[in-house]
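Reviewing the structure listed below.
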Amino acid sequence: MVALDVYMNPETLPGTEAARVGKLLGLKESASLDDILLADHVASGLAVSAAEALGTLLGRASIVGPLIPEATLRRAKKQRKALSREMSERLYEVSRVIDAASRLYRGDMPAISRFLNRPHPLLHGRAPLDLARSSSAGADAVINLLRRAESGFAV
């Protein structure tokens, strides 16, 4: 949960979404990441360590299986290869949702977990994490909900 500690103090939080998402994905140069560099990382394939970093935050069972097949992760790790662009994009989308939820809940992991895992009426009864894992459009729907809440609208 160390990666979420920075969300507790907005003054220490990286100013860009790319830097925050890079930090959640465990990218070494996260502080200097901009949108283009992050896009290049995702397009060329993230390291297995990015999946492991998210697994540490959300629990391995939230990432391995529902997001990235166990065999795919094992194979990439054994061959020391990057994940495919498709798998990298899945990790990126879920990271964006975690970033948005972490900003709203200021790094409070129990509150973040409750939000991510409980069905939400404004998401047609689906759990935000499930919707975010389903597609980039699903991740966008969750992020839009979080932005409305951040703006003061009742969600």
Side-chain angles (χ1 to χ4, degrees), residues 1-27 30-31 33-43 45-47 49-70 72-73 83-155:
M1 305 212 206
V2 174
L4 296 182
D5 288 346
V6 298
Y7 289 91
M8 292 178 187
N9 185 0
E11 291 81 35
T12 62
L13 194 60
T16 67
E17 181 183 43
R20 292 188 307 269
V21 166
K23 188 167 186 66
L24 291 171
L25 291 170
L27 300 178
S30 63
L33 276 180
D34 61 17
D35 292 339
I36 306 304
L37 289 173
L38 182 57
D40 289 344
H41 273 290
V42 173
L46 294 170
S49 60
E52 292 169 342
L54 278 185
T56 299
L57 286 174
L58 298 177
R60 189 172 196 277
S62 293
I63 300 301
V64 180
L67 197 59
I68 298 176
E70 174 77 42
T72 300
L73 194 62
L83 296 168
S84 68
R85 190 187 82 217
E86 178 187 358
M87 296 297 137
S88 297
E89 287 176 352
R90 289 178 182 185
L91 291 172
Y92 167 72
E93 293 297 346
V94 169
S95 296
R96 289 179 56 227
V97 169
I98 295 168
D99 172 58
S102 297
R103 282 185 314 139
L104 182 66
Y105 292 105
R106 294 185 171 241
D108 180 353
M109 193 56 198
I112 295 165
S113 182
R114 275 191 307 276
F115 169 77
L116 290 175
N117 293 300
R118 283 189 184 159
H120 197 287
L122 294 177
L123 298 174
H124 295 225
R126 295 180 65 185
L129 184 57
D130 291 340
L131 188 57
R133 287 187 297 220
S134 71
S135 67
S136 60
D140 285 343
V142 176
I143 290 168
N144 288 337
L145 176 70
L146 289 163
R147 286 185 180 152
R148 286 191 308 239
E150 195 172 39
S151 297
F153 290 95
V155 294

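Every value quoted in this text rests on a predicted model; they were computed, and no experiment measured them. We're numbering straight along the sequence, starting at 1.
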Check [X] against [Y] and note the closest heavy-atom contact, atom names and distance.
| X | Y | result |
| --- | --- | --- |
| N117 | A127 | O-CB, 3.7 Å |
| A51 | L83 | CB-CD1, 4.4 Å |
| A141 | L123 | O-CD2, 4.2 Å |
| L67 | M87 | O-SD, 3.9 Å |
| T12 | V6 | OG1-O, 3.5 Å |
| L146 | A101 | CD1-N, 3.6 Å |

Run the side-chain contact (heavy atoms from CB on, under 4.5 Å) test on V142 and L145 for me, step by step, so that the C-alpha distance in whole Å, both residues' side-chain angles and the decisive distance to 0.1 Å come before the verdict. CA-CA 5 Å; V142 176; L145 176 70; 5.6 Å; no
Parallel, tilted or perpendicular: ring planes of H120 versus F115, cut at 30 and 60 degrees: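 Rings of H120 and F115: perpendicular, over 60°.
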Residue pairs passing the side-chain hydrogen bond (donor to acceptor under 3.5 Å, both in side chains) test where at least one lies in residues 86-98, sequence neighbours excluded: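 The answer is R85-E89, E86-R90, E93-R96, R96-D140.
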For the atom pair [atom1] ([X]) and [atom2] ([Y]), what is the distance rounded to the nearest 0.5 Å?
| X | Y | atom1 | atom2 | result |
| --- | --- | --- | --- | --- |
| L13 | M8 | CG | CE | 12.0 Å |
| L37 | D40 | CG | CG | 6.0 Å |
| I68 | I63 | CD1 | CD1 | 7.0 Å |
| I143 | D99 | CD1 | CG | 8.0 Å |
| E17 | R103 | CD | CZ | 7.0 Å |
| M109 | L58 | CE | CG | 5.5 Å |

Using salt bridge (Lys or Arg N to Asp or Glu O under 4.0 Å) as the criterion, list what pairs up with E70, not counting sequence neighbours.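 With sequence neighbours excluded, E70 shows a salt bridge (Lys or Arg N to Asp or Glu O under 4.0 Å) to R60, R74, given in chain and number order.
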Please examine the side chains of [Y] and [X], heavy atoms only from C-beta on, and report whether any two atoms are closer than 4.5 Å.
| X | Y | value |
| --- | --- | --- |
| L25 | H41 | no |
| L27 | L46 | yes |
| R20 | S102 | no |

List the steps, then state whether side-chain contact (heavy atoms from CB on, under 4.5 Å) holds for L129 with V94. CA-CA 8 Å; L129 184 57; V94 169; 4.1 Å; yes
Does S49 use its side chain to pair, donor to acceptor, with the backbone of E52 at less than 3.5 Å?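 Flag not set: sc S49 to bb E52 has no pair under 3.5 Å.
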For the side chain of S113 and the backbone of P110, is there at least one donor-acceptor N/O pair under 3.5 Å apart?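 Such a contact is absent between S113 side chain and P110 backbone.
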Check step by step if side-chain contact (heavy atoms from CB on, under 4.5 Å) holds for T16 and D35. CA-CA 9 Å; T16 67; D35 292 339; 5.7 Å; no
Output, in order, the C-alpha distance, side-chain angles, deciding distance and verdict of side-chain contact (heavy atoms from CB on, under 4.5 Å) for L24 and Y7. CA-CA 11 Å; L24 291 171; Y7 289 91; 3.6 Å; yes
